[in-house]
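Remember, it's 1-based here, ligands and their atoms both numbered in the order they're listed. All values derive from a computational prediction rather than experimental measurement.
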Amino acid sequence: MTVVDIAKELIFFDTSGPPAREKPCAEWIRDYLVDLGVDAEIQVVAPDRANVIAKIGAGKGPGLVLSGHIDVVLAGELDDWKVSGPFDPVVRNGKLYGRGACDMKGSDAALIQAATELSKEDFKRQLTLVFTAGEDTGGWFVNRILEEGKVTPEEARFGVIPEPSMMEIVRCHKASGGATVLILGKAAHSSRPEMGVNAILNSACLLDEMVKLQERLDEVVHPLLGPSTIKPTMMKGGLKGNIIPPSAEVSMNARLIPRHEGNEAIAGWMEDVIARCVARDPEFKAEVVKARGGRALDVPEDSEGVVLLKEILGTEPVGVPYYTEAVSYTTAGIPTVICGPGSIDQAHTSDEYISLEQLDRGVGVFKELIRRVCL
Ligand SMILES: [Zn+2]
């Protein structure tokens, strides 16, 4: 089979979701690898859902983990698919079309092709291939693999996730986070506004301070990611048209650079914003209901994966705005970067495609990487 044949086989399986049903696709990958003599198993993580874990040269010392996901986002309106059906892939004008062609069954196929072309070689270090469920569709089942010790730092010194990056080396991305602030007022009949405290009006002060907070954050720039951002994205408040509102709630969404990740930074910002509002108006009352920040990815410039990929590709690493499973691997002690064929511009779109040129490039680069680390 060629890389295109494998990609087509994977696209035929409707693993879109929620609810994604990856198990038949996972079984196909396992069977294909086993037929070629590779040690592969599936890990069932929920009804109809499974990861695949495959190892070549198992036990020969820590090598490399290459990890793709096999779920895809929903196809959306079928009428918007003009070139192919979402699960009926076709090749046209040097491009493979279908749901997941780009994100990321094309990449999965490139990993499979690269590994199987080399599978008969004498592996001196272990190559681990992983295909996960629930990356784009809920579940984040990569964590089950890591929690259950199915892939460990003793097996993999570093990892690569082939999310579509046009084969750019991505060594960092932001964390996501959020906060909710409850502004407290006092109810009164709207004919006697002086008897109440208007929480909705007071939210204006909070919003104004949020603008100023962003201005301060804009001064702390990560070289590849820019500044952290925090923006109000939802608001609710009030009881009735003729009542001065006793409360209002503002929710923010944040994208955090590495030095601002975790819950503390964001909680601190919100407390500070409230303190600034109180300084402006001693009657202002609010509390932080929720403050949460996830983990960013920041694999060092001189880590093995980055250095090797730089040698192979001859390009400098970049940062991206989207979030990936690389954080889970890196947190588990396997520093993991992103480098995969295809453009993120085609991910999650109708008429999703990947160019055959990118697919071949992916196979070539992954083979070279496996050669350098494992052979
Ligand atoms: Zn993806």
Side-chain angles (χ1 to χ4, degrees), residues 3 6-8 10-11 13-22 25-26 29 45 49-52 65-76 86-87 89 95-112 114 129-146 159-176 255 294-297 299 318-330 336-355 358-359 361-363 365-366:
V3 64
I6 298 170
K8 279 181 165 176
L10 300 181
I11 294 168
F13 291 101
D14 178 354
T15 58
S16 67
R21 295 188 177 89
E22 299 95 338
C25 183
I29 294 174
V45 289
R49 310 196 71 178
N51 299 315
V52 186
V65 58
L66 298 172
S67 177
H69 63 83
I70 50 174
D71 61 321
V72 295
V73 294
L74 292 168
F87 308 108
K95 295 167 183 164
L96 170 66
Y97 286 84
R99 172 54 85 225
C102 171
D103 185 11
M104 59 188 300
K105 287 175 168 172
S107 298
D108 295 331
L111 297 188
I112 292 169
L129 295 180
V130 172
F131 302 93
T132 63
E135 197 269 355
D136 259 327
T137 55
W140 211 258
F141 293 116
V142 65
N143 285 344
R144 289 280 290 276
I145 294 173
L146 296 164
V160 178
I161 292 187
E163 287 288 344
S165 74
M166 291 301 279
M167 299 311 290
E168 292 245 52
I169 309 155
V170 178
R171 69 164 187 84
C172 54
H173 58 64
K174 289 179 180 177
S176 62
R255 302 292 154 148
R295 295 192 68 137
L297 181 72
V299 176
V318 298
V320 291
Y322 54 85
Y323 192 83
T324 73
E325 291 174 331
V327 172
S328 295
Y329 282 102
T330 303
T336 295
V337 297
I338 297 137
C339 181
S343 164
I344 195 74
D345 294 349
Q346 272 85 50
H348 302 195
T349 59
S350 43
D351 283 334
E352 179 178 345
Y353 70 83
I354 188 164
S355 77
Q358 276 287 304
L359 267 185
R361 182 111 194 281
V363 175
V365 170
F366 299 140

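Closest heavy-atom contact between Ser343 and Cys102: O-SG, 3.0 Å. Of all non-hydrogen atoms in Ser16 and Thr137, the two that sit nearest each other are C-CG2, 4.5 Å. Scanning all heavy atoms of the two residues, the minimum distance from Gly362 to Ala110 falls at C-CB, 4.3 Å. Closest approach of Pro89 to Leu96, counting heavy atoms only: CB-CD1, 4.0 Å.
Thr132 pairs with exactly one of Glu325, His69, Glu22, Arg144 by the side chain to side chain donor-acceptor pair (under 3.5 Å) rule, that one being Glu325.
Atoms of the protein (N, O or S only) found under 2.8 Å from the Zn ion (ligand 1) are His69 NE2, Asp103 OD1, Glu163 OE1, Glu163 OE2.
In terms of modelled atom types and a separation under 3.5 Å, the side chain of Asp136 and the main chain of Val73 share no donor-acceptor contact.
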